[in-house]
Protein chains: 2
Amino acid sequence: MLTIGEFAQMTHLSVRTLRRYHEAGLLEPARVDPSSGYRYYDAAQIPVAQVISRLRELDVPLANVRKILLTQDPAARAALVAEHLQRLEEQLARTQAAVASLQRLLRPEPAGVAVELRQVPEQLVAAVEATVTHADVLAWYAGAMAELDTVVREPVGPAGGLYDNALFTHGRGHVLVHVPIAEPVPAVGRVRSIELPAAELAVAVHGGAHDTIDVTYGELGRWVADHALAVAGPVCETYLVGPRDTPVAAHWRTEIGWPVFRVTGAV
Amino acid sequence: MLTIGEFAQMTHLSVRTLRRYHEAGLLEPARVDPSSGYRYYDAAQIPVAQVISRLRELDVPLANVRKILLTQDPAARAALVAEHLQRLEEQLARTQAAVASLQRLLRPEPAGVAVELRQVPEQLVAAVEATVTHADVLAWYAGAMAELDTVVREPVGPAGGLYDNALFTHGRGHVLVHVPIAEPVPAVGRVRSIELPAAELAVAVHGGAHDTIDVTYGELGRWVADHALAVAGPVCETYLVGPRDTPVAAHWRTEIGWPVFRVTGAV
DNA sequence: CTCAACCCTCCCTCTGCGGGAGGGTGCACA
DNA sequence: TGTGCACCCTCCCGCAGAGGGAGGGTTGAG
């Protein structure tokens, strides 16, 4: 039987951390003295503590560590670990994208995005909509678009999405993805046929992956601000070339439409 | 002049986050209304906000972001960014090591480390010592060892280190690195000639990089516990083959000496 | 039997983000 | 000129996972 201090020496985990792991149900001491509360560990628990330590080095949340430890079946356990490694790889990809984008931003050559003012007529679309958080929007978008694809056989234009301002200002908002159609389709699942109202948009096109789309948003927003046009509704993205057209992110083209009130007299 | 909400839309940062960045001195609004406290931003601040956003994606702490933004000289700024990228790479290496080690740990084949009981005589050494935290110990070690190398011309054995138990149990403790010598050397900088006392050690050898040295610590500690030998002092590491001998981490050999009281009658 | 080293619990701190309460502002429209 | 509503403000609390430290009980060697 080892005291918590001895166990800490052998595992290189601090006494505090061991107590926290006990409290979290990750590493129950072999025995706890009922009167004094002293924790006593068994030498057989050393490898368990080391597995925990390795998982924490990989930033696996304590709750997931618990789940992994409670999983007896080696295959299921390996799957849980693999799932986390998957997440690490995605994070690595995001990190690399951020590095590339940062280097571009720090070079003092403004991109100079072309902005155009456009009158968009009302449009019949098949749509899926929901209120989601900023963190969930990517996953939700993928599901909604897949569902749209199963229902809409003959789209008459590229897919698009309407993004409530609150999504950006407060991290949660109303989102609608749509595919333009010629004739109404029956309501299936979450898909509904609706008519998007006509709009006046300031439009810019973003080329490449969506990691850096905020740069184009910034340029477009700046243009709108410079031209003193009031904002009046959700932003409208149109996926001219997207993941469904080519897997090469560099070839994607996304049109961003920023709603404005026409200030000049021409109607 | 843009309100905080408009600025949030253009930069894809939440209103809350912008307020926090203001408070932290990262992104001062172009104007703050003295009576209402309303923040007003300039469109020219959009790229700045985007740089902050990219740095935060790279997990640069707000304090460092501030430092980077306050640095006018592009070269110095690039150096700060490069420094952080360096840290990211090190972290990546640690992550990969943790993955490899985890896979080994989850395979149910115990390594089976050979442990030996050894009487070590007193030894004259040139040493550098300090009280450091667990997080700092690697950097401190590198500096101390480099300083030792400049003073000691003729070591009579491999370098080693004494690690106070508190370093492991409480994350901060006394550490001493040393090189054995035949004759005392003059005190230069932090280097002193001292005599390490004789000791009784349980000894095991760890092969490979230090990422996984806790596994050998665990095996050794378990052996000591199984043989009911009381611990009585700092752990002693000896770097039989280390980074100064070969850059190939897989070839390193580190001897770990765990102080014990001899229980058998033989003296 | 004494005393130091150890252990316990409880509460606070840090970082960077979000939620929500309670209350003041700005501006279009009547 | 009021009214209403969207917007803005500050202040406090929550989360994760680690450390710091206070105040007090236990253990065990001399």
Side-chain angles (χ1 to χ4, degrees), chain A residues 1-9 12-27 29 31-41 52-53 55-66 133-136 164-173 230-233 261, chain B residues 1-9 12-27 29 31-41 52-53 55-66 133-136 164-173 230-233 261:
Chain A
M1 277 300 160
L2 305 166
T3 67
I4 196 170
E6 293 165 342
F7 195 72
Q9 276 174 52
H12 288 187
L13 290 165
S14 77
V15 168
R16 272 191 138 69
T17 299
L18 286 172
R19 283 201 271 256
R20 207 173 317 112
Y21 289 174
H22 176 198
E23 205 171 350
L26 280 191
L27 187 61
R31 195 173 78 80
V32 177
D33 187 305
S35 73
S36 71
Y38 275 31
R39 296 166 175 87
Y40 295 97
Y41 293 83
I52 297 176
S53 156
L55 291 171
R56 285 299 305 139
E57 283 175 40
L58 299 176
D59 282 324
V60 180
L62 291 189
N64 294 19
V65 173
R66 206 172 108 85
T133 67
H134 208 170
D136 300 334
D164 191 6
N165 289 330
L167 183 66
F168 304 120
T169 57
H170 294 99
R172 165 193 294 278
V231 173
F261 279 142
Chain B
M1 278 298 161
L2 306 165
T3 67
I4 196 169
E6 292 165 341
F7 195 73
Q9 274 174 53
H12 288 187
L13 290 166
S14 77
V15 168
R16 280 198 125 75
T17 299
L18 286 173
R19 281 201 273 254
R20 208 170 318 109
Y21 289 173
H22 176 198
E23 204 170 352
L26 280 191
L27 188 62
R31 195 174 79 80
V32 178
D33 187 304
S35 72
S36 70
Y38 276 31
R39 296 167 176 86
Y40 295 96
Y41 294 83
I52 296 176
S53 154
L55 291 171
R56 285 298 306 139
E57 283 175 40
L58 299 177
D59 282 325
V60 180
L62 290 189
N64 295 19
V65 173
R66 205 171 108 85
T133 66
H134 208 170
D136 299 334
D164 192 6
N165 289 331
L167 184 66
F168 303 121
T169 58
H170 295 99
R172 165 193 294 277
V231 174
F261 281 141

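Every chain is numbered from 1, with letters handed out A, B, ... down the list of sequences. Bear in mind the structure is a predicted one, so any value in this text is a computation, not a measurement.
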Does a nitrogen or oxygen in the side chain of [X] sit under 4.0 Å from OP1 or OP2 of [N]?
X: Ser35(A); N: dT26(D); answer: no
X: Ser14(A); N: dA18(D); answer: no
X: Arg39(A); N: dC8(C); answer: yes
X: Arg19(B); N: dC11(D); answer: no
X: Arg56(B); N: dC17(C); answer: yes
X: Thr17(A); N: dG19(D); answer: yes

Quick one: [X] [atom1] to [N] [atom2], roughly how many Å, whole number?
X: Phe7(A); N: dC7(C); atom1: CZ; atom2: P; value: 13 Å
X: His22(A); N: dC8(C); atom1: NE2; atom2: C1'; value: 12 Å
X: Leu18(A); N: dT9(C); atom1: CG; atom2: C1'; value: 16 Å
X: Tyr21(B); N: dT15(C); atom1: OH; atom2: P; value: 14 Å
X: Arg31(B); N: dC8(D); atom1: CZ; atom2: P; value: 14 Å
X: Met1(A); N: dC7(C); atom1: CE; atom2: P; value: 15 Å
X: Arg20(B); N: dG19(C); atom1: CZ; atom2: C1'; value: 12 Å
X: Gln9(B); N: dA6(D); atom1: CD; atom2: P; value: 15 Å

According to the interplanar angle, ranging from 0 to 90°, do the rings of His12(A) and His134(B) count as parallel (below 30°), tilted (30 to 60°) or perpendicular (above 60°)?
perpendicular
Which nucleotide in the set [options] lies at the smallest distance from any side-chain heavy atom of [X]?
X: Tyr40(B); options: dG26(C), dT10(D), dG17(D); result: dG26(C)
X: Ser36(A); options: dT27(D), dC7(C), dG19(D); result: dT27(D)
X: Ile4(B); options: dC8(C), dG19(C), dC8(D); result: dC8(D)

A side-chain contact here means heavy atoms from C-beta on lying under 4.5 Å apart; do [X] and [Y] qualify?
X: Leu62(A); Y: Tyr21(A); answer: yes
X: Ile4(B); Y: His22(B); answer: no
X: Glu6(A); Y: Thr169(B); answer: no
X: Thr3(B); Y: Tyr38(B); answer: no

Starting at the 5' end of DNA chain C and moving along, which residue's nearest nucleotide shows up first, Asp33(B) or His170(A)?
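Nearest-nucleotide comparison on DNA chain C picks His170(A).
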If you find the nucleotide of DNA chain C closest to Gly171(A) and the one closest to Gly37(A), which residue's nucleotide is nearer the 5' end?
Gly37(A)
Take Pro61(A) and Gly5(B), find for each the nucleotide of DNA chain D with the closest heavy atom, and name the residue whose nucleotide sits nearer the 5' end.
Gly5(B)
Any donor-acceptor pair, under 3.5 Å, between the side chain of Tyr38(B) and the base of dG24(C), if you only look at N and O atoms?
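Under the 3.5 Å cut-off, the side chain and the base do form a donor-acceptor pair.
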Answer with yes or no whether Arg16(B) presents, from its side chain, a donor or acceptor under 3.5 Å of a partner atom in the base of dG20(C).
yes
For the residue pair Val15(B) and Gly5(B), what are the closest heavy atoms and their distance?
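Smallest interatomic distance, heavy atoms only, reads CG2-CA, 4.2 Å.
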With a 4.0 Å cut-off on heavy atoms, is Thr3(B) in touch with a base, just the backbone sugar-phosphate, or nothing at all?
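If one applies the 4.0 Å heavy-atom cut-off, Thr3(B) turns out to touch the sugar-phosphate alone, with no base involved.
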